[in-house]
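Have a look at the structure below before the remarks.
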Amino acid sequence: MDKYDILKKYFGYPDFREGQELLIDSILNGRDVLGIMPTGAGKSICYQVPALLLSGITLVISPLISLMKDQVQALNQAGVHAAYINSSLSESQISKALRLAAAGQYKIIYVAPERLETYEFLQFAQQAEISMLTVDEAHCISQWGQDFRPSYLKIVQFIRRLEKRPILSAFTATATEKVKEDIACVLGLMEPQALVTGFDRKNLYFAVETPRKKDSYLMQYVKEHKGESGIIYCATRKNVDLVCDRLRAEGIAATKYHAGLGAEERRQNQEDFIYDRCPVMAATNAFGMGIDKSNVRYVIHYNMPQSMENYYQEAGRAGRDGERAECILLYSAQDVAVNRYLIENKEQNAENTWEEMEQIRERDEERLRAMTYYCMTPDCLREYILRYFGEMRSGRCENCLNCAREYEEADVTQAAEKIIACILECRQRYGINVIAGILAGESRAKLREYGVFNYDSYGSLKELRETEIKMIIHQMLIDGLLVMSNDKYAILKLSPDADAVRKGQRRVIWKKVKINAKKADTANVSAARMRKSDILNSKGLELFERLRALRTEIAREESLPPYIIFSDKTLVDMCVKAPMEKQEMMQVTGVGENKYERYGEQFLAAIADYSKGSREKYYFGDVQEAVAQTAQRSGSTKGKKADFYLTKEQAESFPYAEKYLAAELAEKLNGLRDSETVKKMSGAEIFRTMQAKEYAGETVQNGIRKKYVSKQGQTAGLFIGMRKSKSGTEYEDIYYNEDAQRMIVAMVIEK
């Protein structure tokens, strides 16, 4: 059997997804790999397929018991012999599992990092043939990651104790450049084949909402999505308890998960969610890393998380089956203060030096600022996320709340001047709520306590609503005119750039939602948000519900999560193809040989019963169109142009010169690409890449934007030079010498 036979027989897929084949081939050629792939992109296939082709055993280091259990259940259902070894098993069960593994019973063994140090496991590993060691959730090994776990450092010690070093493969969904470098360094990966397939999850809809009453918004949303599975993340245990109680009071089958519950209650609640007995889960961020539940249709953040890493990982638990799902963040200014408090009281690793702890705290503050600005930005939310992770895109995604809204620009310089005057008059002592209250002329108790009624700035912006004043303040924070103190009080302070506004040298532009476009806005948002299925007609949806009911019945009989039987995506594909016999059923995505032997006949019978044996259409359009729409929801790029790259042969023809501007460099690169299959590169993309590497950037001086080159950028070959506009005005821009050109060409060569 080859890799294609393995993929179809055990996993039911006809083709590999983007990036999978490259990593699989690298592993089979004996090379270490590092895969940065978004949740739902098929990371597990990248190590499971070669594990079945390599001669020995593959050890998978996994952080959570529930994650191991899910993965092993799914593999066994697919016909792959796998096991897990962790603290949920008795010592006799562990000994038996190791004996069976040594006898060749298992090709894949999942193990917790703590287990690696035990005598019995080390004895087993030193005597067995370990072909590959895979580190899942590899960001846990980096102190700069959002979920550092000291136990992951035991992996390195374990590898050193093995007589023969196995192939190492590491995978994670969210990693900045710093974390990526840390993973490779700490694990000691040897010339790894690194792959970042991109962080985009095209099937996810993103929104930031600022409702006056979060509870009312939440209850209405969950009721509108009755029967669908969703996760509601809260910052504190108290909020989890309150949200869960309110959901249950409304008759919603909800459960909860946080560290304050007993181990047995957490286990039971998690199972109720996984098995769809309670489709709605309220939880802290302690929940989710080990959950492979594919049919989560929405993730709501009741409170803002501490970082984009946390947010994207948690939001990414929606829509793992490739079907549309929603990720909604309910933002309030109080969330910032709560997160600052949590950062200040965060438990530190006792082995860290004071300097390291300060660096980590500063990094946490940077992450929190980036997360706060995500909640404030009027620009495309997906683009903001991707840029944060170093993936430079331009344009609107048309699948987020901000892209669905209509905006207009308003000059709010005068209001900004009054905000600055108020902050100065208050001697930079208050946060957003107090400053906005003073300017709006509010008379609440806290303002009376502070004695602000005699201030010159009191009521100076009473023509605006308090929420509008806060939005202008948010715009000023984004523009770098204001900053918030790095403590739990989040006090507003002026940045040095605020002087330019006071002196009339800089305007402040606020991008706000059009007031006269509310109806159109609502319609646009509705269109952007998910529907149960874009391709099934009414009869198709009815058939889908019948197949889903059958899946639930089988799952209960076999004590398995429904998505382990077949994913929602597979059921939709069954409705589109409406198979009548085995050969047709085997063409359905996600139906492998073992799955067919177990369940195929029951689903064929259900389809035959519903269709009465007639070939009826259960979808809109033709089959190819329906399949194309399914692929689009899954983020497939088939039939679309690929992101910019050059082959090695094309790159050899690049016309190097003494210097190029970014636009000139992009033009030369575009002239070498295959224009039929590859997208264009732009000068703006090159500059954004340099920004991500911290080689260059932009600053504002006296209201004028200026580009600059860092010391690292100068070393790489970037330099500032003068150029003229069409009108003859001279200005500074960034040039790229031959060294820099070679660096950029090397970056775009197809890996």
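Along the sequence shown, residues are numbered consecutively beginning with 1. Since this is a predicted model, take the numbers as computed values, not measurements.
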If we count only N and O atoms by modelled type, under 3.5 Å, do the side chains of [X] and [Y] hold a donor and an acceptor together?
X    : Y    : result
E558 : Y599 : yes
S294 : S567 : no
Q220 : E224 : yes
Y13  : Q20  : no
Y10  : E593 : no
N310 : N285 : no
Y4   : E21  : yes
T284 : H258 : no

Can you name the nearest heavy-atom pair linking [X] to [Y], along with the distance?
X    : Y    : answer
S169 : T134 : OG-OG1, 2.7 Å
P561 : Q73  : CD-OE1, 3.5 Å
I328 : E209 : CG2-CG, 4.0 Å
L536 : C575 : CD2-CB, 3.7 Å
V296 : A325 : O-CB, 3.9 Å
L23  : M37  : CD1-SD, 4.0 Å

Quick check: are there more than 12 heavy atoms from other residues, nucleotides or ligands sitting under 6.0 Å from [atom1] of [X]?
X    : atom1 : value
Q583 : CD    : no
K3   : NZ    : yes
R277 : CZ    : yes

- Partner of Y563 by side-chain hydrogen bond (donor to acceptor under 3.5 Å, both in side chains), out of D70, T570, D321: D70
Contact between [X] and [Y] at the side-chain level, heavy atoms closer than 4.5 Å - yes or no?
X    : Y    : answer
I385 : D200 : no
V80  : Q48  : no
Y311 : C327 : yes
M371 : S307 : no
L401 : Y205 : yes
P305 : L329 : yes
Q602 : I554 : yes
K617 : Y619 : yes

Answer yes or no: is there a donor N or O on one side and an acceptor on the other, between the side chain of [X] and the main chain of [Y], under 3.5 Å?
X    : Y    : result
N86  : A112 : no
N399 : K202 : yes
N303 : A235 : yes
D5   : D2   : yes
Y596 : G12  : no
R382 : C403 : no
R248 : A254 : yes

- Message: Run the side chain to side chain contact (heavy atoms under 4.5 Å, CB included) test on V240 and Y302 for me, step by step, so that the C-alpha distance in whole Å, both residues' side-chain angles and the decisive distance to 0.1 Å come before the verdict.
- Response: CA-CA 9 Å; V240 169; Y302 188 81; over 6 Å; no
Ring centre gap for [X] and [Y] strictly below 6.0 Å:
X    : Y    : answer
F389 : Y312 : yes
H301 : Y233 : yes
F544 : Y618 : no
F287 : Y257 : yes

- Query: Checking salt bridge (charged side-chain N to carboxylate O under 4.0 Å, His left out) for the pair E264/R267: CA distance, chi angles, key distance, verdict?
  - Reply: CA-CA 5 Å; E264 178 56 29; R267 186 198 64 76; 2.5 Å; yes
Nearest 0.5 angstrom please: [X] [atom1] to [Y] [atom2], how far?
X    : Y    : atom1 : atom2 : result
D609 : R546 : CG    : CZ    : 6.0 Å
I109 : T58  : CD1   : OG1   : 9.5 Å
E309 : E314 : CD    : CD    : 11.0 Å
M580 : R615 : CE    : CZ    : 5.0 Å
K577 : I607 : NZ    : CD1   : 11.5 Å
M68  : I85  : CE    : CD1   : 9.5 Å

Are any of the side-chain nitrogens in [X] or [Y] under 4.0 Å away from the carboxylate oxygens of its partner?
X    : Y    : result
R548 : E545 : yes
K69  : E271 : yes
K582 : E597 : yes

- Item | Option passing side chain to side chain contact (heavy atoms under 4.5 Å, CB included) with D573 (candidates V588, V591, D568) | V588
- Dump the intermediate steps for salt bridge (charged side-chain N to carboxylate O under 4.0 Å, His left out) on K293 and D276, then the final yes or no. CA-CA 10 Å; K293 187 170 164 63; D276 283 337; 2.5 Å; yes
- Message: Is there a side chain to side chain contact (heavy atoms under 4.5 Å, CB included) between I61 and L116? Walk through the geometry before answering.
- Response: CA-CA 9 Å; I61 313 301; L116 301 178; 3.8 Å; yes
- salt bridge (charged side-chain N to carboxylate O under 4.0 Å, His left out) between R297 and E326, intermediate numbers included: CA-CA 6 Å; R297 296 271 66 86; E326 296 192 347; over 6 Å; no
- Worked verdict on V33 versus L195 for side chain to side chain contact (heavy atoms under 4.5 Å, CB included): CA-CA 8 Å; V33 303; L195 176 74; over 6 Å; no
- Task: Might you work through the side chain to side chain contact (heavy atoms under 4.5 Å, CB included) test for I231 and R317, ending with a clear yes or no?
- Result: CA-CA 8 Å; I231 304 172; R317 283 156 195 153; 4.2 Å; yes
